[in-house]
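Here you go, one structure.
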Number of protein chains: 2
Amino acid sequence: MAIRPAEQLIHKAAWLYYAHGLRQDQVASQLNISRASVAMYLRKARETGIVNISTSTQLFTDDVMARRLEDALKLDAVWIAPENGYNPDQSTDIAVLAASVFLELVKKGDRIGVAWGRTVYTIADIMSYADLQDVTVVQLCGNLGAPYSYRPDQCTMEIARRLNAKGLNFYAPLVLSTEELARALRAEPVIREQLAGISDCNLALFSVGTVDADSHVVKCGALNPDEMAALRGIGAAGVIAGQIIDARGEALDCSYNRRVISAELGSLRAIEKRLMVVQEDSKFEPLLAALAGGLCTHLVVGAHMAQRLLDHAGATPHKAS
Amino acid sequence: MAIRPAEQLIHKAAWLYYAHGLRQDQVASQLNISRASVAMYLRKARETGIVNISTSTQLFTDDVMARRLEDALKLDAVWIAPENGYNPDQSTDIAVLAASVFLELVKKGDRIGVAWGRTVYTIADIMSYADLQDVTVVQLCGNLGAPYSYRPDQCTMEIARRLNAKGLNFYAPLVLSTEELARALRAEPVIREQLAGISDCNLALFSVGTVDADSHVVKCGALNPDEMAALRGIGAAGVIAGQIIDARGEALDCSYNRRVISAELGSLRAIEKRLMVVQEDSKFEPLLAALAGGLCTHLVVGAHMAQRLLDHAGATPHKAS
DNA sequence: CATGGCTCTCGACAAAAGTCAAATTGGCAT
DNA sequence: ATGCCAATTTGACTTTTGTCGAGAGCCATG
């Protein structure tokens, strides 16, 4: 029989191997197939999320620094990826940690909002598979027409795929050419509904963007470097889900923001668990802005960034910048 | 240096291996230790629950029969361990499944009530380790003085150990010689408190016992065969946490029950998730009684028992026996 | 200060798991 | 019916992992 090896068979193999602790050859003989097939089924089982291998992220929160940051920033939980030696690629470390933390936060029946950017996409890319039920992943902001590598819909769909969840894409451009058009589009039932549904999420995953010429909103063509410089002139401090925020973490009053189709910051704040992940040290200022605006409740950063945040919080307690 | 390999080091090894997907020799060189040590650390990490390998129990609920049982018995969830061929030891199958289901039901911060008996102990014994936080495991009934193999306190402590949780034992005998003494003991603050705390649990794990000479309450010496026969004569149908229940699933009105120190059935019913596991086919009648009394919300049984339950439910819909 | 018990560590071997190309199978269109 | 295609299975090979006994460092004790 060369039919598709039923999910059933994969499951049985995984069950005997992982739950009963049999060896592959024992599983093979019980199932009357070759050991090589068993090995293949087991790989599939891991890739499908039928088996879940997760490592506790406990130690990263147990860190004294993490605790102090939680207090200083009034966050629900902070995870700090250690800098120490052995992996030169700090940002991968952070992403791996973030993926684990994310999976630990997700529960059955959740509705998850996902923003976009390199960080989010990296996380999606290394996240292990899981077999959650009744999970919906929704896109937090409009799409890019341009062929950019870390498109919002890609981030959403990839995460949905990994979780075995339903992905809900946003069928609207991220930024429009006129405010009128943006307003009109937001009033469209389909779009309005989707925007309204964002506050029903109970978990959000996002990063924060810089407001310089390297910013992903510039790279993807939503803004050109000059426009960005101008925005910086009037107080732009960071980018959240495609929107420009000021140092207080509020949406900047500017034409660009009015032309963007994205989750309102208020809707974001309505989400119970908001996991922010910051990989680059250069995102210090934007992160401060996001924190000031209470845009996240859970934070994953590297040790260096954590130290800077602590120093800053210590220097200016209870006050932004 | 031959100091105790810090939890830290085990965690790092586990992290690099499982989360980053490095090979053992790569982990070894990053950590500057031998590969053999890495292998050892990883085993410890698995045994400690720092890493969690779990297989989805999805398929066992997806079963059509499981669904029909859920409907017929009005249970929240039913898992059915397949009989089919390859493992002659059906009851081990059921216990392994039950352990997985149990671990899937436990959440951080839970308070778990645990009964006793061979089934519960078997589950505890094969359950994999986990690193839950703020979990408390409480004993649902009094203890046995006699050296019986599956003592209530053993069940409780073993499960607590596996979950890395706090175990709360019951420092009272299961059964006393006079009703007066039992009443007095129940009135003792320590005991009363513990009994009262049972309804605060949000998860319970128990099985049901038979009321014949093989019953564990007989084997452990709480009752002798003759007494048991007498109880059967006046309507005893099963044993729950050391108490005798009748066919309706209510506590039997008898001296024995009045001499027992155990969770009141009302307290049990107040627990949100009550996982009942039945291994032996001979426990059909006791199980019916427990079901009739609404004593469980989640059920793990073997395929044969499931079929009997379905037949029974089909034959006498909406009515007990 | 030497001794003994203890645990941790390492190297080498044995066992198990992963991988690949070739062979087989069933489905499907011709 | 026949031959092709895609998917699956397998056996043989390589790589990776588990395990064991020997050795080394630490601590407490005489």
Side-chain angles (χ1 to χ4, degrees), chain A residues 1-56 59 84-87 92 96 125-129 161-162 164, chain B residues 1-56 59 84-87 96 126-129 161-162 164:
Chain A
M1 39 185 137
I3 35 164
R4 189 167 174 286
E7 178 122 321
Q8 192 97 1
L9 198 51
I10 297 182
H11 199 286
K12 270 184 189 171
W15 188 249
L16 290 172
Y17 187 75
Y18 286 107
H20 283 260
L22 300 188
R23 281 187 327 236
Q24 290 191 356
D25 50 358
Q26 296 177 300
V27 175
S29 65
Q30 297 246 332
L31 263 47
N32 275 97
I33 51 179
S34 79
R35 202 189 51 73
S37 296
V38 173
M40 201 196 106
Y41 289 170
L42 292 180
R43 180 158 39 75
K44 273 194 182 164
R46 284 186 299 258
E47 283 171 0
T48 332
I50 288 178
V51 318
N52 241 322
I53 302 185
S54 64
T55 77
S56 156
L59 223 69
N84 319 317
Y86 43 78
N87 198 335
T92 299
V96 170
D125 202 43
I126 56 168
M127 180 156 56
S128 58
Y129 293 77
R161 193 172 72 82
R162 302 261 173 161
N164 216 334
Chain B
M1 45 189 133
I3 37 165
R4 185 165 184 288
E7 178 122 321
Q8 191 97 0
L9 199 50
I10 297 182
H11 199 287
K12 270 184 189 171
W15 188 251
L16 290 172
Y17 186 75
Y18 287 106
H20 283 260
L22 299 187
R23 283 189 326 245
Q24 291 191 355
D25 50 356
Q26 296 177 301
V27 175
S29 66
Q30 296 246 339
L31 262 46
N32 275 96
I33 50 178
S34 79
R35 202 190 51 71
S37 297
V38 173
M40 202 198 94
Y41 289 171
L42 292 180
R43 181 159 39 75
K44 273 194 181 165
R46 283 186 298 259
E47 283 171 359
T48 332
I50 288 179
V51 317
N52 244 330
I53 302 185
S54 63
T55 76
S56 157
L59 223 69
N84 320 313
Y86 43 79
N87 198 335
V96 170
I126 57 168
M127 181 155 54
S128 58
Y129 292 78
R161 194 172 72 82
R162 303 263 173 160
N164 215 335

Which nucleotide in dG18(D), dC8(C), dT19(C) has an atom nearest any side-chain atom of A39(A) =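 Closest nucleotide to the A39(A) side chain: dT19(C).
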
key: Phosphate OP1/OP2 of dG18(D) contacted by R35(B) side-chain N/O (<4.0 Å)   = no

message = If the cut-off is 4.0 Å, is S34(B) near the phosphate of dT9(C), judged by side-chain N/O to OP1 or OP2?
response =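 No, no such contact exists.
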
task = Just compare dT9(D), dG11(D), dT17(D) and give me whichever is closest to any side-chain atom of R23(B).
result =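 Of dT9(D), dG11(D), dT17(D), dT17(D) is nearest to the side chain of R23(B).
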
ask   = When the distance from CD1 of I33(A) to P of dA17(C) is rounded to whole Å, what number comes out?
value =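 Computing the I33(A):CD1 to dA17(C):P distance gives 14 Å.
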
query = CD of E47(A) versus C1' of dG18(C): gap in Å, rounded?
reply =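 After rounding, the reported distance stands at 13 Å.
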
task = Could you please name the option among dA12(D), dT9(C), dT9(D) that lies closest to any side-chain atom of A36(A)?
result =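 Of the options given, the side chain of A36(A) lies nearest dA12(D).
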
key: Presence of Q26(A) side-chain N/O under 4.0 Å of dA16(C) phosphate oxygens OP1/OP2   = no

ask   = Tell me: CG of L31(A) to C1' of dT9(D), nearest whole Å?
value = 14 Å

message = Test your reading of the model: is there a side-chain donor-acceptor pair from Q26(B) to the backbone of R23(B), 3.5 Å cut-off?
response =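 Looks like yes, one N/O pair under 3.5 Å.
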
request  = Counting heavy atoms from C-beta on, name the nucleotide in dT10(D), dT8(D), dT9(C) closest to the side chain of S37(B).
outcome  =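 Nearest nucleotide to the side chain: dT9(C).
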
query = Can you check whether T55(A)'s main-chain N or O pairs, donor with acceptor, with H11(B)'s side chain at less than 3.5 Å?
reply =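 Flag not set: sc H11(B) to bb T55(A) has no pair under 3.5 Å.
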
task = Nearest whole angstrom, please: distance from the P of dC10(C) to the CD of Q24(B).
result = 14 Å

Shortest side-chain distance from M40(B), nucleotide among dG18(D), dT9(C), dG18(C) =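 The answer is dT9(C), which lies nearest to the side chain.
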
message = For A14(B) versus L42(B), what's the shortest heavy-atom pair and its separation?
response = CA-CD2, 3.7 Å

query = Expressed in angstrom and rounded to an integer, what is the separation of I53(B) atom CD1 from dA17(C) atom C1'?
reply = 14 Å

ask   = What's the CG-P distance between D25(B) and dT14(D), to the nearest Å?
value =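 After rounding, the gap between these two atoms is 18 Å.
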
task = Starting at atom CG of L42(A), determine the distance to atom P of dT19(C), rounded to an integer number of angstrom.
result =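 That distance rounds to 12 Å.
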
ask   = Would Y41(A) and R46(A) count as having a side-chain donor-acceptor pair, cut-off 3.5 Å?
value = no

query = Distance from E47(B) atom CD to R162(B) atom CZ, nearest 0.5 Å?
reply =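 Going from the CD atom of E47(B) to the CZ atom of R162(B) covers 9.5 Å.
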
request  = Would you mind reading off the distance between Y41(A) atom OH and dT19(C) atom C1', rounded to a whole angstrom?
outcome  = 16 Å

